[in-house]
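The structure appears right after this line, and notes come after that.
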Number of protein chains: 2
Amino acid sequence: MTQGAVPPSVTQLIETFSELPGIGPKTASRLAFYLLRGRSELASPTSAPPALALRLAEALRNLVENTRFCSQCFNVTEQDPCPICADPTRDHGLLCVVEEPLDLLALERTEQYRGVFHVLNGALSPMEGIFAEDLRIKELELRLAKGGIREVILATNPTSEGDYTAAYLLGRLKNSGVRVTRLGRGLPMGGDLEYADAVTLTRALESRQEL
Amino acid sequence: MTQGAVPPSVTQLIETFSELPGIGPKTASRLAFYLLRGRSELASPTSAPPALALRLAEALRNLVENTRFCSQCFNVTEQDPCPICADPTRDHGLLCVVEEPLDLLALERTEQYRGVFHVLNGALSPMEGIFAEDLRIKELELRLAKGGIREVILATNPTSEGDYTAAYLLGRLKNSGVRVTRLGRGLPMGGDLEYADAVTLTRALESRQEL
C-alpha cells in the first residue's frame, strides 16, 4: 500500500485482523474499510451497523476482562467454578474429557449429557510440538485422585491426534480404578467433533465402549 | 448454545463478529475461541499471538478516534486535508472520481496516477435504495465550481451500477466546461476495481476516452 493513501490506524487494524485464523490481508482490508464506512455521515444500505467498530472493541475488552478458566474443568467461564461444575443436579461422578471448549459446547447441545467436563486445551501432537505437559493431564489426574469420579469418557476428536491422546490418557488412567470409556464410533474418522450434529453425538454417547 | 456452557461475554463477541461481512456464526465462534486460547497460561503452537484480543480492541478504538474523512476528497485520513490533497507535487487540475477508498488505493498502487481524487462513497443503485443524495456528488460539483480542475476521470467500477453512476455524473458535469473522461475499457466487465492488477489499471489510465 502507498503511504499517504492509507492512514496508519487503518494499516494497523488491517495487520491486526490478519493475525486471526482464516483472515488474509485482502479480507482484513475489506473488514477495516467496512468498519470505516459505518463512520460516514452519509448512511446507506451498504454501511456498517452504527458504532460496530466500537462495539467490537468493547466486546473484545469484555472477553479479556470477564473470562477466565474454571479451576475445576478449565472451560471458559465468567464465574469460578463454572455454571456446569457448580450445578448440583449434574452427575459429578461422570467426567467427559474434551480437547477444546467448542467440543464441550457440541456435547452440551445434545442435551443428553448430564455429567461434568474436563477441557484438555488441545490434543497431543509431537509433530506440532504439543506434549503431555502442554495439556491439562496432570490436573485430570489430580481430579481423579480426589475421588468421587466413577467413569471418565474420553471425547477427544476422531482424528489421529485425538486417538493418540485418548490412547495416551488410557495408559495413564488405567491404574486409577476408574472406568474409562470413549465415545462410540458413530463419528466419521477424520472429522471434527465441534461440527458433528446432535443426533450423531447422542448415538456416540449411548454407544460408548469400555477400553 | 446452552447457557452456562458459554459465558455472556463470549456470546456477545460471537454476535458482534457475526455483524462483519462474510463472517457467519460458525466463523465468529471460531474467532472468539481462538482469541480465548491466547489467554491460556499453557502456551502452544496453536495458541493465538499474545494479547491479540486487546491489540485488536485497541486498533479498533484507534480507527474510530484517529480517522476522519478528508474535507476535500473524502478519502479516509488522519489529517485534514489528507496527504494526497496536501501534496503540492500532485496535479490538482486532474481529478479522479472513485466509489470507495479501496478503489483509490488500487489506483495509487499503479504509481502512475499523479492527480487527486474524489471519493463518492459508493455507486448509484436505485434497487438498493442508493440515490444521488447518498453520494458525494454535490461536493464534487462544488469542487468543480471553485475552478482549477481541467479534467475529471470517472473511475467508477466496470459494473452496471458503476456505469450508471458514470453516465449520471456525465449528465451533471457536461455543462461545467471541464473535460470528462473515463477509464479505458481494459477492465473486464462485471469485475471489481479494487482487485484489478496494476498493469491493467495503468493501461486503463493511458487509454482513457473522451465522453
Side-chain angles (χ1 to χ4, degrees), chain A residues 1-2 4-10 12-13 16-17 19-22 27 29-36 39-40 42 44-46 49 52-57 59-64 66-67 69 75-78 83-84 87 100-102 104-105 108-109 121-122 128-130 134-136, chain B residues 1-2 4-10 12-13 16-17 19-22 27 29-36 39-40 42 44-46 49 52-57 59-64 66-67 69 75-78 83-84 87 100-102 104-105 108-109 121-122 128-130 134-136:
Chain A
M1 304 252 183
T2 325
V6 192
S9 52
V10 180
Q12 193 209 346
L13 180 60
T16 315
F17 266 136
E19 292 184 55
L20 291 170
T27 307
S29 132
R30 283 227 151 229
L31 291 176
F33 280 96
Y34 178 76
L35 290 171
L36 279 168
R39 303 203 51 227
S40 169
L42 296 171
S44 95
T46 56
L52 180 55
L54 284 181
R55 285 189 291 116
L56 188 53
L60 287 159
R61 196 165 289 277
N62 283 342
L63 182 83
V64 173
N66 300 343
T67 62
F69 291 100
N75 187 20
V76 177
T77 182
E78 289 189 7
I84 293 174
D87 185 347
E100 302 281 356
L102 279 172
L104 182 156
L105 271 184
E108 281 295 283
R109 274 196 296 268
N121 189 42
E128 285 188 69
I130 303 173
D134 299 318
L135 305 182
R136 293 200 171 96
Chain B
M1 306 248 183
T2 325
V6 192
S9 52
V10 180
Q12 192 208 347
L13 180 61
T16 316
F17 266 135
E19 292 185 56
L20 292 169
T27 307
S29 132
R30 282 226 153 231
L31 292 176
F33 280 96
Y34 178 77
L35 290 171
L36 278 169
R39 304 203 51 225
S40 170
L42 297 171
S44 93
T46 56
L52 180 55
L54 284 181
R55 285 189 291 115
L56 188 53
L60 287 160
R61 197 165 289 277
N62 283 341
L63 181 84
V64 173
N66 299 343
T67 61
F69 292 98
N75 186 21
V76 177
T77 182
E78 290 188 6
I84 294 174
D87 184 348
E100 301 281 356
L102 279 171
L104 181 157
L105 272 184
E108 281 296 281
R109 274 197 295 268
N121 189 41
E128 285 188 69
I130 303 173
D134 300 317
L135 305 183
R136 292 200 171 94

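We name chains A, B, ... by the order of the sequence lines, and we start the count at 1 in each one.
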Legend entry - Separation of B:F33 CZ from A:L105 CG (nearest 0.5 Å): 5.0 Å
Inset, instruction - Measure the shortest side-chain to side-chain distance between A:R30 and B:P21 over non-hydrogen atoms and say whether it is less than 4.5 angstrom. - result: no
Inset, instruction - Locate the shortest heavy-atom distance separating B:A59 from A:T16; write the atom from each residue and the value. - result: CB-OG1, 4.0 Å
Inset, instruction - Report the C-alpha separation of B:L13 and A:N62 in whole Å, then their side-chain angles, then the decisive distance to 0.1 Å, and conclude whether the side-chain contact (heavy atoms from CB on, under 4.5 Å) test is met. - result: CA-CA 8 Å; B:L13 180 61; A:N62 283 342; over 6 Å; no
Inset, instruction - Check whether any side-chain N or O of A:E19 sits under 3.5 Å from a backbone N or O of B:L52 as a donor-acceptor pair, and report yes or no. - result: no
Inset, instruction - Looking only at non-hydrogen atoms, find the nearest pair between B:T77 and A:P7 and report the distance. - result: CA-CG, 3.6 Å
Inset, instruction - Indicate yes or no: at least one non-hydrogen side-chain atom of B:L35 is less than 4.5 angstrom from one of A:L20. - result: yes
Legend entry - Shortest non-hydrogen contact from B:S29 toward A:L102: OG-CD2, 3.4 Å
Legend entry - Candidates B:L56, B:L54, B:L60 - the one meeting side chain to side chain contact (heavy atoms under 4.5 Å, CB included) with A:R61: B:L54
Inset, instruction - Measure A:L104 against the heavy atoms of chain B and call it side chain, backbone, both or neither at under 4.5 Å. - result: side chain
Legend entry - Side chains of A:L36 and B:P101 in contact at under 4.5 Å (non-hydrogen atoms): no
